[in-house]
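Have a look at this one.
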Amino acid sequence: MMSKRLDEIEESATFRIAALANKFRRDGKDVISFSIGEPDFDTPSHIKNAAKKALDEGRTHYTPSAGIPELREGIARKFEENGLEVAPNDIIVTPGAKQAIFEAIHAVLNEGDEAVLFDPAWVSYDPCIKLAGAKPIWVPVSEEDFKPDDFAVTKKTKMIIVNSPCNPTGAVFDRSTLNLIADIAVDHDLLVLSDEVYEKILYAGKHISIGSFEGMHDRTITVNGFSKTYAMTGWRLGYATAPPDILDAMLKLQQHSTSCATSFVQYGGIAALEGPQECVAEMVNEFKARRDLIVDGLSSLGFKCKKPDGTFYVFANVSQFGGGAEVAERLLRDAYVAVTPGIAFGSSGKDHIRISYAISQARISEGLDRIESLMRNI
Ligand code: PMP
Ligand code: GLU
């Protein structure tokens, strides 16, 4: 009875581990969750108030499928920061960045096309590519800095997926790495899907959008969202800009699936973009303190990991204790510490675990204590 297209697709590892941790919690266990990647902060109150006001004013109906004009205007202004010259009409507002990624991939990939993914990569790109009937081509990055070197493409390659700052490694691609990718895209007439949802969770330097590079404007789909920057994961609000024909195709998919992003949520999005940004700086400062705590702690326990420049993830090599999946299982079963096995992000993560440090410093310290006790017995 089941669709063949889903045969090859596994459930999302990030949601699976989070559900498992919740199950242990319901059973009365005190689980420390370094699993799913979502800020633990509450959404800033000016954003919540804007959505409440929209509800009270009766903004409770369908909006234009591509999003309300005021939000698209705000996003166009935001993209100027990234050096992207786009008009409100070049933007689609989606229920989460994930939906934008799903639509972009389905808008352009055909059966037999190939899309390049840097290994390790976030869990949902590969299934989206396969659902579109296309083939993911995994290109391993250097274990040293988690950045790609020169790589080959074929006649079938149509797209390269770039995610900087990167989930799961926290790596931030510098200008030379992005130049390398842009040169390959231009030389081989390829599209780039640039997922920039962690743009603001950055501890060094300035974010660079590959769509602003010479020759890239007409071949780049830039995706961003509100989940990570403004602690709005449950609101489901994201957006993208793409060349007009691709945007039209994405819009068709949206019209025939989710219709539009939730009406009053979009008003929260305007407040997020146009309101005070100090809340973002405060959250990022706290993430930075947590990064230092977790990386210093893990390193002193013998895990191999460096301080990433972005995101709230550490991708630690645990090979001296066993395979990543085995260590993750032991941590959950024996210490009630939930992490995501690195293999969920591609085969180069088989010796790794991903730690999401979007929890308080007190819980991180307790998690480190539990990991230490467990590792002493391995
Ligand atoms: N891209 C990456 C790399 C992510 O980690 C996430 C996290 N969920 C998303 C996209 C999707 O974000 P959203 O909540 O906006 O759908
Ligand atoms: N992006 C987050 C993560 O990687 C949330 C879950 C998901 O969308 O996969 O954990």
Side-chain angles (χ1 to χ4, degrees), residues 9-22 33-41 43 47 67 71 75 92-105 117-129 146 161-173 192-202 207 221-240 250 254 257-258 261-262 265-266 268-269 272-273 287 308 310-315 328 338-346 349 352-359:
I9 311 290
E10 288 181 22
E11 70 176 311
S12 163
T14 48
F15 278 94
R16 180 169 49 79
I17 307 285
L20 205 59
N22 282 334
S33 181
F34 292 111
S35 64
I36 200 145
E38 64 169 334
D40 55 326
F41 307 109
T43 304
I47 302 175
L71 179 55
I75 293 167
I92 183 167
V93 176
T94 54
K98 198 181 269 184
Q99 179 71 15
I101 292 163
F102 183 91
E103 289 172 6
I105 288 175
L117 279 181
F118 299 119
D119 187 353
W122 175 54
V123 294
S124 291
Y125 304 127
D126 172 279
C128 282
I129 295 165
F146 295 124
I161 298 190
V162 178
N163 173 218
S164 171
C166 171
N167 177 3
T169 62
V172 176
F173 292 180
V192 166
L193 172 58
S194 182
D195 176 353
E196 305 184 9
V197 297
Y198 294 98
E199 157 182 18
K200 300 286 180 190
I201 322 279
L202 194 64
H207 177 72
I221 305 159
T222 305
V223 173
N224 211 321
F226 294 80
S227 287
K228 317 292 167 172
T229 306
Y230 300 101
M232 290 173 68
T233 47
W235 294 61
R236 312 307 304 126
L237 193 62
Y239 55 90
M250 291 171 70
Q254 181 144 297
S257 54
T258 61
T262 302
V265 160
Q266 297 188 47
L273 289 179
F287 279 136
T311 76
F312 34 73
Y313 305 111
V314 183
F315 206 55
V339 302
T340 310
I343 191 80
F345 304 92
H352 296 72
I353 56 172
R354 187 194 75 171
I355 298 210
S356 165
Y357 52 87
I359 55 172

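Just so you know, ligand 1 is whichever comes first in the structure, and atom 1 is the first atom listed for that ligand.
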A student checking ligand 1 against Asn167 at a 4.0 Å heavy-atom cut-off should list atoms 3 (C), 4 (C), 5 (O)
N/O separation below 3.5 Å, Arg354 to ligand 2: yes
So which bit of Glu38 gets within less than 4.0 Å of ligand 2, heavy atoms only: side chain, backbone, both or neither? neither
Applying a heavy-atom cut-off of 4.0 Å, say which part of Arg16 lies close to ligand 2: side chain, backbone, both or neither. neither
Among protein heavy atoms, which lies nearest atom 15 (O) of ligand 1, and at what distance? Ala97 N, 2.7 Å
Provide the number and element of each atom of ligand 1 under 4.0 Å from a heavy atom of Asn163. 3 (C)
Can you list the atoms of ligand 2 that are under 4.0 Å from a heavy atom of Val123? 9 (O)
At under 4.0 Å between heavy atoms, what of Asn167 touches ligand 2? The answer is side chain
How does Phe345 reach ligand 2, if at all, at less than 4.0 Å between non-hydrogen atoms: by side chain, backbone, both, or neither? neither
Distance under 4.0 Å to a non-hydrogen atom of Gly96: what atoms of ligand 1 satisfy this? 15 (O), 16 (O)
Between Phe312 and ligand 2, which part of the residue brings a heavy atom under 4.0 Å of the ligand: side chain, backbone, both or neither? neither
Can any side-chain N or O of Thr14 pair as donor or acceptor with the backbone N or O of Ile36 at less than 3.5 Å? no
Identify the closest protein heavy atom to atom 6 (C) of ligand 1: which residue and atom is it, and at what distance? Trp122 CZ2, 3.5 Å
Mode of Phe226 contact toward ligand 1 - side chain, backbone, both, neither (heavy atoms, under 4.0 Å): neither
Should you measure from each heavy atom of Lys228, which atoms of ligand 1 turn up under 4.0 Å away? 6 (C), 7 (C), 8 (N)
One residue to check: Thr233. Relative to ligand 2, which of side chain, backbone, both or neither has a non-hydrogen atom less than 4.0 Å away? neither
Near Arg236 (heavy-atom distance under 4.0 Å), the atoms of ligand 1 are 13 (P), 14 (O), 16 (O)
Within ligand 1, which atoms have a heavy atom of Ser227 less than 4.0 Å away? 13 (P), 14 (O), 15 (O)
Do Tyr313 and Tyr198 have ring centroids that are under 6.0 Å from one another? yes
Close N or O approach (Phe15, ligand 2; < 3.5 Å): no
Can you tell which part of Ile101 has a heavy atom less than 4.0 Å from ligand 1: side chain, backbone, both or neither? side chain
heavy-atom search around atom 3 (C) of ligand 1 in the protein gives Asp195 OD2, 3.3 Å
Side chain, backbone, both or neither: which part of Tyr125 has a heavy atom under 4.0 Å from ligand 1? side chain
Check this for me - ligand 1, Gln99, N or O atoms closer than 3.5 angstrom, yes or no? no
Based purely on interatomic distance, does Thr14 place a nitrogen or oxygen under 3.5 Å from a nitrogen or oxygen of ligand 2? yes
When you compare the side chain of Ser124 with that of Ile101, does any pair of heavy atoms fall below 4.5 Å? no
